[in-house]
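Protein chains get the first letters and strands the later ones, always in sequence-line order, with residue 1 at the start of each. Here the structure is a predicted model, which means the values were calculated and not measured.
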2 protein chains.
Amino acid sequence: MRWEPGARERLQESALELFARNGFDQTTTAEIARSVGLTERTFFRHFSDKREVLFYGQQELVRVFLEGIEAAPAGLTPLEVVAASVQSAAAFFPDERRSFSRTRQTVIEQNPALQERELHKMGALSEVMGQSLRARGVTEPAATLAAESAITVFGVAFAQWISEGELRSFADIAADVFRELVSLTGTATSL
Amino acid sequence: MRWEPGARERLQESALELFARNGFDQTTTAEIARSVGLTERTFFRHFSDKREVLFYGQQELVRVFLEGIEAAPAGLTPLEVVAASVQSAAAFFPDERRSFSRTRQTVIEQNPALQERELHKMGALSEVMGQSLRARGVTEPAATLAAESAITVFGVAFAQWISEGELRSFADIAADVFRELVSLTGTATSL
DNA sequence: GTCTATAGTGCGATAGAC
DNA sequence: GTCTATCGCACTATAGAC
């Protein structure tokens, strides 16, 4: 057989390992490709750029977020809808995944270019969530504010979830953070 | 005189022009440097990478945000503090600047790499705001949530401010968006 | 200020799956 | 035959090293 199946997955797995061991900048795309028996050119067939090898596959996460919005019963407020969406996305972060997520996040945090890519992905997620809310009839700027708030809560909850010694489930943490957000804005009177 | 002063500013101005006219990817760093009588090497002495030429100088914006937080009277809620901070940052966006901001934003929106850099800058701003809030005694996760909410409101307000036909001041728009955020979270009951 | 490694592109060739 | 994955090669621009 000329090529083993699952080239993309093998590249992703090996890349994370190499980045974690030697650093992102110190790892060349040719090296990643070679490590799984492929050439650099093939690497770039699968990933538009070097960073993307760490992010490819997040469409699934986006899908889960959107399903959460679409499944939410009518009559909920926009913030309640996105809270349901984050809860639905929690399925993506079972406890078995904590260790993998920690490794990946460590790599990302050590490189500004990777942080930029991550923020961009989160921004894109926020945008499609906003669209989905508008499709439900939520008007602007409420739709964008709710979507961005969801991403904020998600980010804070995720950071907590992978922090040293944390044992609660992602879903539990996210619910707590949502309550914090509501109480935060609820106490503001002079606006 | 061996070199004209203001090299950095001239590079920034000319770069924006070239990007707007010919596109970001189609403009090389050598071209930008040549356009103001400098060499590519000098370009990279002023800016750590090509994208940075559009973002250098935003420390001032950060400074204004932080001053707004520090100047806020004790006793305000965290969200009220960051609202004051955004109002103080509004000084950065007088009506005369709308046209420049529109051009710049058009360039950024046409290039994913530039969007990434912008999001990263906003993320950095959010982080220092969070720090400043914690220095005031705001605890986690409230500090991070308030800072992120401020960035969200800022972003929504900015987009509205540069939109076609908008005439209100940045400060007025931002105040409205803040009220929208509060009413959004205020109506959520099932959390 | 010069030199160089690496990222990333464009185009064409080849090999296998169907 | 078509379609898709892979490879080879030449090339430019960025960015960092010297």
Whole-Å distance separating the [atom1] atom of [X] from the [atom2] atom of [N]:
X	N	atom1	atom2	answer
A:Asp25	D:dA17	CG	P	10 Å
B:Gln26	D:dT12	CD	P	16 Å
A:Arg34	C:dT6	CZ	P	10 Å
A:Asn111	D:dA15	CG	P	13 Å
B:Phe47	D:dG16	CZ	P	15 Å
A:Arg45	C:dA13	CZ	P	17 Å
B:Arg117	D:dT14	CZ	P	14 Å
A:Asp49	C:dT9	CG	P	8 Å

Inset, instruction - Compare every heavy atom of A:Ser126 with every heavy atom of A:Glu148, then report the nearest pair and how far apart it is. - result: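 Minimum heavy-atom contact is OE2-OG, 3.0 Å.
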
Inset, instruction - Determine the minimum heavy-atom distance between B:Gln87 and B:Ala175, stating which atoms define it. - result: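 Residues B:Gln87 and B:Ala175, closest heavy atoms: NE2-N, 3.6 Å.
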
Inset, instruction - Check the angle between the aromatic planes of B:Phe154 and B:Phe93 and answer parallel, tilted or perpendicular using the 30° and 60° thresholds. - result: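 Rings of B:Phe154 and B:Phe93: tilted, as their planes differ by 30° to 60°.
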
Inset, instruction - Could you check B:Thr39 against A:Ala30 and say which one's nearest nucleotide on DNA chain C is further toward the 5' end? - result: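 The residue closer to the strand's 5' end, by nearest nucleotide, is B:Thr39.
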
It should be established whether [X] places a side-chain nitrogen or oxygen under 4.0 Å from OP1 or OP2 of nucleotide [N].
X	N	result
A:Thr28	C:dT6	no
A:Thr42	D:dT6	no
A:His46	D:dT6	yes

Inset, instruction - Keeping the roles fixed (side chain from B:Ser101, backbone from B:Arg97), state whether a donor-acceptor pair exists under 3.5 Å. - result: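 Checking the backbone N and O of B:Arg97 against the side chain of B:Ser101, a donor-acceptor pair under 3.5 Å is found.
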
Inset, instruction - May I ask you to decide if B:Leu114's main-chain N or O and B:Arg51's side chain share a donor-acceptor pair within less than 3.5 Å? - result: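 A pair under 3.5 Å: no.
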
Inset, instruction - Ignoring hydrogens and angles, state whether a donor on the side chain of B:Glu118 or B:Gln105 is under 3.5 Å from an acceptor on the partner side chain. - result: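 Side-chain D/A pair, B:Glu118 to B:Gln105: present.
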
Inset, instruction - Using the ring of B:Phe55 (Phe, Tyr or Trp, six-membered ring only), decide whether B:Arg104 places NZ or CZ under 6.0 Å from its centre and within 45 degrees of its axis. - result: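 Geometry flag: set, cation within 6.0 Å and 45°.
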
Legend entry - Relative orientation of the end axes in the helix from C:dG1-D:dC18 to C:dC18-D:dG1, expressed as an angle to the nearest 10° (five pairs per end):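 Roughly 20°, once rounded to the nearest ten degrees.
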
Inset, instruction - Go through the N and O atoms of the side chain of A:Arg41 and the base of C:dG8, and report whether any donor-acceptor pair is under 3.5 Å. - result: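 For A:Arg41, whose side chain was compared with the base of C:dG8, there is no donor-acceptor pair (under 3.5 Å).
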
